[in-house]
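Okay, structure first, notes after.
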Amino acid sequence: TQRGASASRVVADLLYQRAPIDEVFAAMRNHRTMQRKAMAAVASDSYMPNSKLAGSGSANGPGGLAVNGNAPSGDSVDGDGTDAERREASMLLLDAMAHRIEHIVRFIQSQCDFDTLLDERQLNANSDSTMIVPRSFGYWEHMNEVADQLYYFVLSDTISYQDIHERFYSLVFPADSDIHPGSEARKDNSYIWLLLQLLHIEKVAAGPVRHDLAGDEDMLDQLLQMYNERQIVSRDAFYLRDLALQATMNHQQANIRDNHGVKFRHPRMAVAMPFAPVLYQLQSEFGQQFKDEKYALLEGRSVCAAMKTATVSQIRQYVVPNALYTFLVPARETVQQLQGPATTYLQGGNVGYQLLDFINVGGKHRLLQLIYKMMLAHEQGPQFQFDGRQPSTRAGISCVAPHVVDTVYMLLYNAPYSNELMMKEVLEKLRRCDKAMAQGGARFSAANLRWLYTVYQLMNCRLLRFFKYYAHASHLVHHLRHSLVHVTHRQLYRSLECFALCLVNLQHDVGFLQALLDPAYHGVPLTPHASAPGAIRYSKPKHAWFECAMLSRNAAVVVARIETMRGLGDVPGLSLDDCLDSLAPQPQLWAPAVLRYLPRAVRAYYARCAPRASPRVSPTAVQQLVDARPEHAALLHAGDAAAEAALVAFYAPAERQALFLCVVWALHARDTPPVLAVVRRVLLAFPPSQMSSHTSALVDFVVAGEAERGSAEPTDATKAQLDDFMFRLQLVHHEHVVFALTRGEHDLRTDRMRLLLTRHVLLESPQFSQRLDAWHQLDFQGRYWADYGHWEKQTAYLARFPEFFEFEAALDGAPEPTPALSLPVYYENAMVRLLPVLEFALGRMV
């Protein structure tokens, strides 16, 4: 007797949740393994005469199961290698998909009025004389989801087109009779629309469909029988769906034998063909507008325009995706700048999210392939094809257009199954780059740095929803580990740091703890049919995961949260102490008020390791250091190259670097502030991963200075100087200051000075208030996919509040040394980078 949920139920639930395909196949593989173990246990307890064992010539029992209780060894146990197992997986997926699709169709029928005829004189705002769209069509999102899943399963040969076609026909006409009571109520053009999506797979159109149309045309006859002629003339008619049969005939007209006689062979075609001229009108309108360079149908801002283009995408193979790519990356060279002459792009159009939602799945797949191949897959930079020549890089164009990057994330969300392979390839390339970082001294080309920065921004600002329930999300920290230590490009590091913070915040399962102690990780598998992974030997890594104090403390909080919610999941060999040990080079000190909210096992760990507080720097000690070391004279008098070199060498050791910002603060408070060019030269020698620790030392120094002066609260001069450091001089980052004040080492409820400084940097700072007001005035939307003018808002914000990454904000003239390569900023700014740190800070202020 089977215990627990059946395999079909598990698969159906995962598909309903839009679980990643790797997770679906892993669930089927695990269920098969448990079933075989149970059968082996039954066989071991069953009596079998020795004569039968001898006759079988094997020590295995029925079905090849070992009688000693052990399952057969080899790939046949855990893999999907045998034909029987593949057929079983195919039937499980087919049953689950058919069951879900049937429920969606019934739901649509319950929400729509297909009995009242359409009055064309009372068309709604979504329709015109050519395209009919109902007032409400939100239900079609469910159809887009199942279409994407079906497309992937057929494309990967997991389910055959013939099986899907037969199953859909059996949903309308059960097997007991072709003329069955209630079949008219079960007819729905949604089934034909789903089959039409699969016809855009070349092996389907050139295989079973072509053979059927060249032969007895049984599939065509079944499509005509499933066609519901009342839907297209009803009150809730939807041409995108109800013209699916006509679009199928148009798409396959080259394969239909004797086009003129097909209506005599299939009399039911007479009820469908009167609406075929609508398709020709849509094709003519689409082609004429594209020829006249009128791009309203390609922009898809209005519902009617988006539906027209989506309907055309169902008729012609690749016409719409190719036109959309030409619209996004035009042939004429109109070069624009992102943030300067080093970040140029080819200006093109902007495609609305509704259009990308409703074009056929094959069109989405094709468009993303074009963008990936031409824009995001080459280490030498974006590729362009002008005047019919081979694709190549173009002098003067170094970056991908912002609207092209927008299209990438919208397509990934619209069709996550069929486009998942592209994301896996991107993750694998990131892992290879990270591995190159681990070897030390890796030098990437300018094009590669731009690619890395573009991808990290895309994942950090647009794909976090995608990664939240991604099957391999818990192990993605392996793709960043060495980059977080060895990246020297400061602009790239800030994006990488923000993404690592967000990625760790997403973790909610014990898989993240396993990833921390899994040194044998070899990347995301490119195919979902890989055999089950073997047992993991957990071990603490030789080097800490995070050198950045902000990342390590945030990871410790996430580990504590997982321990509270899930525990260790009864995973043998997994140690919570090893997980916490691996996060940082030294254990972090937490205030007792913070430890009280952590789980008992985490509190016990910190009690055993007895972490020490970071050393405090007093203003008196800083003044003595400045007076005692002659190298500091270079901070007050510019032009002495030898003195500047001596100052850089003095602060080269890691143990002295935390003092430098304190020295700069003390000198800046005087009437003769330090020379910023010299300050910049010294700061550029510090690793970017240590800047959050150095900022924490500076904040502690400021608090200690106020305490020495006997102030009960920070003075206005201190607040103004802190604002200067964060916003005018940009020597420290705003998010690092927020972290330093709320990092958990001090109890804000008893430390009034830190609490007031936190209130200032988050609520009262004039510089931050200006940025926050500008953010609200520009109206950045939370539903960013619907924010059609996001790029213009981002440009306006950065023009008003420019950001610098190498401490050159207040320098006049060309800084020396020359700043590193400027990278293209699409989504990030100080407000975006503050959000994950603010989430951490709020947890400490509860």
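Seen from the ring of Tyr413, Arg465 does not count as a face-on cation partner, given the 6.0 Å and 45° thresholds. Cation-pi geometry between Arg490 and Phe805 is not satisfied (NZ or CZ under 6.0 Å from the ring centre, within 45° of the ring normal).
Between the CZ atom of Phe840 and the CZ atom of Phe739 there is a distance of 5.5 Å, given to the nearest 0.5 Å. From Leu823, atom CG reaches atom OH of Tyr456 across 12.5 Å, with rounding to the nearest 0.5 Å. Once rounded to the nearest 0.5 Å, the distance linking OH of Tyr470 with CG of Leu506 reads 14.0 Å. The distance from the CG atom of Leu778 to the CD atom of Gln794 is 9.5 Å, given to the nearest 0.5 Å. Taken to the nearest 0.5 Å, the OG atom of Ser822 stands 10.5 Å off from the CZ atom of Phe804. Distance check: Asn554 CG to Arg743 CZ gives 15.0 Å after rounding to the nearest 0.5 Å.
No hydrogens or angles considered: a donor-acceptor pair under 3.5 Å links the side chains of Tyr521 and His479. A donor atom on one side chain and an acceptor atom on the other are found under 3.5 Å apart for Thr718 and Glu706. With hydrogens and angles left out, the side-chain atoms of Tyr605 and Asp581 include a donor and acceptor closer than 3.5 Å. Neither side chain, Gln337 nor Thr344, offers a donor N or O lying under 3.5 Å from an acceptor on the other.
Residue pairs meeting the salt bridge (Lys or Arg N to Asp or Glu O under 4.0 Å) criterion with at least one member in residues 505-515, sequence neighbours excluded, are Asp509-Arg566.
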In sequence, state the C-alpha distance, the side-chain angles, and the governing distance for Thr407 and Tyr353, and then conclude on side-chain contact (heavy atoms from CB on, under 4.5 Å). CA-CA 8 Å; Thr407 304; Tyr353 76 99; over 6 Å; no
side-chain contact (heavy atoms from CB on, under 4.5 Å) assessment of Glu803 paired with Tyr797: CA-CA 10 Å; Glu803 298 181 1; Tyr797 178 86; 4.3 Å; yes
Take His668 and Gln721 through the side-chain contact (heavy atoms from CB on, under 4.5 Å) test and state the conclusion after the steps. CA-CA 8 Å; His668 194 273; Gln721 187 170 341; 3.7 Å; yes
Test His694 against Phe660 for ring-ring contact (aromatic ring centres under 6.0 Å, His included), laying out the working first. CA-CA 8 Å; His694 300 339; Phe660 183 69; 9.7 Å; no
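The backbone N or O of Asn505 sits nowhere less than 3.5 Å from a side-chain atom of Glu839 that would complete a donor-acceptor pair. Using modelled atom types, no side-chain atom of Arg670 and backbone atom of Leu667 make a donor-acceptor pair closer than 3.5 Å.
In summary, the aromatic rings of Phe512 and His475 are positioned with their centroids too far apart to meet the 6.0 Å limit. Taking the six-membered ring where the residue is Trp, the centroids of His790 and Tyr784 are separated by 6.0 Å or more. Under the 6.0 Å cut-off for aromatic ring centres, Trp545 and His478 qualify, their centroids lying closer than that. Within the 6.0 Å centre-distance limit, the rings of Tyr651 and His632 are counted as a close aromatic pair.
Scored by the ring pair (Phe, Tyr, Trp, His ring centres under 6.0 Å) test, His736 finds His733 as partners (sequence neighbours excluded). Remark: Glu808 engages no residue in a salt bridge (Lys or Arg N to Asp or Glu O under 4.0 Å) (not counting sequence neighbours).
In plain terms, the two heavy atoms of Leu484 and Ser689 that are nearest each other are O-CB, 3.6 Å. Between Leu589 and Pro611, the shortest heavy-atom distance links the atoms CD1-O, 3.7 Å. In plain terms, the two heavy atoms of Val487 and Met437 that are nearest each other are CG2-CE, 3.5 Å.
The pair Arg754-Asp747 fails the salt-bridge criterion, with no side-chain N (NZ, NE, NH1 or NH2) lying under 4.0 Å from an Asp/Glu carboxylate O. Classification of Arg553 and Glu745 as a salt-bridged pair holds, one side-chain N sitting under 4.0 Å from a carboxylate O.
The closest side-chain heavy-atom distance from Arg771 to Phe727 is below 4.5 Å.
In this structure, Phe768 and His734 have tilted ring planes: the angle between them lies in the 30° to 60° band.
When each of Tyr826, Phe499, Phe466, Tyr827 is paired with Leu458, the side chain to side chain contact (heavy atoms under 4.5 Å, CB included) condition holds for Tyr827 and for no other.
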